There are 2 protein chains.
Amino acid sequence: MTDPSGQSPRERYRVQVREEVKRHAWEQIATAGVPALSLNAIAKQVGMSGPALYRYFASRDELITELIRDAYRSLADTVHEAAGDGADLSRLAWTIRDWARADPQRYFLIFGTPVPGYHAPDDITAISSEVMAVLLDASAATSLNRAAATTKRTPLDIHLDIHRDWVGDHPATGETMRRALLFWTRLHGILSLDLAGHFTGMNLNPDLLITEELTALRGR
Amino acid sequence: MTDPSGQSPRERYRVQVREEVKRHAWEQIATAGVPALSLNAIAKQVGMSGPALYRYFASRDELITELIRDAYRSLADTVHEAAGDGADLSRLAWTIRDWARADPQRYFLIFGTPVPGYHAPDDITAISSEVMAVLLDASAATSLNRAAATTKRTPLDIHLDIHRDWVGDHPATGETMRRALLFWTRLHGILSLDLAGHFTGMNLNPDLLITEELTALRGR
DNA sequence: TCGCTGTAGTTAGAACCTATAACGCCAGCC
DNA sequence: GGCTGGCGTTATAGGTTCTAACTACAGCGA
């Protein structure tokens, strides 16, 4: 995460402790969710008593924000790595699925229930844009079926030609934007419902849903 | 919600107070999310002091479970009503969108971040099945394009023919099941990301995404 | 090498929270 | 019309976040 090299001994120690705190925080979140995260409990686990932890994190919210940042960073790094060796949407989907499954609560920290007033800091939304950029790349790298070209333009197509704000300076066509967007919403729909347990007892294989959506996305 | 008629005066009063408590609980949740929900604060709002509220709800978790139940019930009633006058998937989608937008936190109470250990009571999963049944009805009532029939069977199609557990005794074809499922995951993907604010700043109209998915679902 | 300084730890305590216990009162039931 | 049980109270235990005041020592500069 944060590079401890090239710092003063004090800085190094500080970074080390912060990292250890976050490790324990992730454990707590994984087993009992964010609401159960207790600074007190963490402090005892790392061997200090209560308020000492506030030397490292100004508040519970700051710790959580840091965890959200790390989660985004992890996702961005993961998709970057997959994109490194030229990934299309299919490859990307399975990568994201694996990443989500590895720690469902981490996934929900990003894509789960929002806190009504909360607004993410700019550097976090910047990481989110990174992910979107990779998505657009993968979308552009994914070939279409023959039949796809013939379909007529939808209201969404027109809308995306006009409103290109979120692609930034990415040279994406409307079609590329469209597929990236639908890829995102569809994959999230499946992963979210699956990880939240809404498929339990249905005897349903979520991977087949992903496969289905991937072929659907090729054929328009 | 709960019918106060035909009960003893004590029962009637009890139901009334419980309902008032839940009203205040929903307000708190809507403005600050579930974690901020405080029994103490609610008790003061309804004019009683702290522990008195435990006469009506055994614990905070029980209150929340009750709210989840009411949320499911509300969703089921809403889709039932829409289905009453023969709704197809399109009609259903806008109905659910409106219901979700009316109280995003209510939506996330059902479809948001899960609590790792939590297992919903049977009567709640029963309501969930009700919703699925309406979805299957609407799916069956939605006509397909001509081109759709010619497409070859996917792994999902085969899977759904074998694993029909979740449809219960509903006489749904594999194609009906498939569309109901994809409708659910796709709509949830869009609504969830939208309500969580992941589209903010993107200058994107989520309704167009829904429209796009609805036409896509007709054409297979 | 020495002394200063600021960081990191301590305990105490305020202000919340959930939840239980013990007790009183009075409305509704028989 | 009396009994009883449900509803309210306060007190209390144990949990939380977070601030304040204080101490000790490690690292930094001279």
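All values reported here derive from a predicted model rather than from experimental measurement. In the text below, chain A, chain B and the rest are named by the order of the sequence lines, each starting its count at 1.
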- Item | Spacing between A:Glu11 atom CD and D:dA26 atom P, to the nearest angstrom | 18 Å
- Item | ring pair (Phe, Tyr, Trp, His ring centres under 6.0 Å) against B:His170, all qualifying residues, sequence neighbours excluded | none
- Message: Students often mix this up, so state it plainly: with edges at 30° and 60°, are the rings of B:Tyr56 and B:Tyr13 parallel, tilted or perpendicular?
- Response: perpendicular
- Query: Can you name the residues that form a side-chain hydrogen bond (donor to acceptor under 3.5 Å, both in side chains) with B:Arg101, not counting sequence neighbours?
  - Reply: B:Asp194, B:Asp207
- Message: Applying side-chain contact (heavy atoms from CB on, under 4.5 Å), can you list everything that pairs with A:Ile127, at least two apart in sequence or on another chain?
- Response: A:Arg69, A:Tyr72, A:Arg73, A:Ala76
- Whole-Å distance between C:dT7 C1' and A:Arg18 CZ? 15 Å
- Can B:Glu11 and B:Arg14 be said to form a salt bridge (Lys or Arg N to Asp or Glu O under 4.0 Å), step by step? CA-CA 5 Å; B:Glu11 276 294 328; B:Arg14 183 176 178 79; 5.5 Å; no
Please list each protein N or O that sits under 3.5 Å from an N or O in nucleotides 6-12 of chain D, with the distance.
unit_1	atom_1	unit_2	atom_2	d
D:dC7	OP2	B:Arg14	NH1	3.1
D:dG8	OP1	B:Tyr13	OH	3.1
D:dG8	OP2	B:Tyr56	OH	2.4
D:dG8	N7	B:Arg55	NE	3.2
D:dG8	O6	B:Arg55	NH2	2.1
D:dT9	OP1	B:Ser49	N	3.3
D:dT9	OP2	B:Ser49	N	3.0

- The correct set of residues in residues 58-65 of chain B placing a heavy atom under 4.0 Å from DNA chain C is B:Ser59, B:Arg60
- Message: Can you classify the ring geometry of A:His198 versus B:Phe111 as parallel (below 30°), tilted (30 to 60°) or perpendicular (above 60°)?
- Response: tilted
- Task: To the nearest Å, give me how far apart OH (A:Tyr54) and C1' (C:dA14) are.
- Result: 13 Å
- Task: Output the distance between atom CD1 (A:Ile190) and atom CD (A:Glu212), rounded to the nearest 0.5 Å.
- Result: 9.0 Å
- Residues of residues 29-46 of chain A with a heavy atom under 4.0 Å from any atom of DNA chain D, listed by number, are A:Leu37, A:Ser38, A:Leu39, A:Asn40
- With no hydrogens and no angle check, is any side-chain donor or acceptor of B:Ser192 less than 3.5 Å from a backbone partner on B:Gly189? no
- Message: Would you say that B:Leu37 contacts B:Leu63 through its side chain, given a criterion of any heavy-atom pair below 4.5 Å between the two side chains?
- Response: yes
- Task: Output yes when a side-chain donor or acceptor of A:Gln105 lies under 3.5 Å from a complementary backbone atom of A:Glu27, and no otherwise.
- Result: no
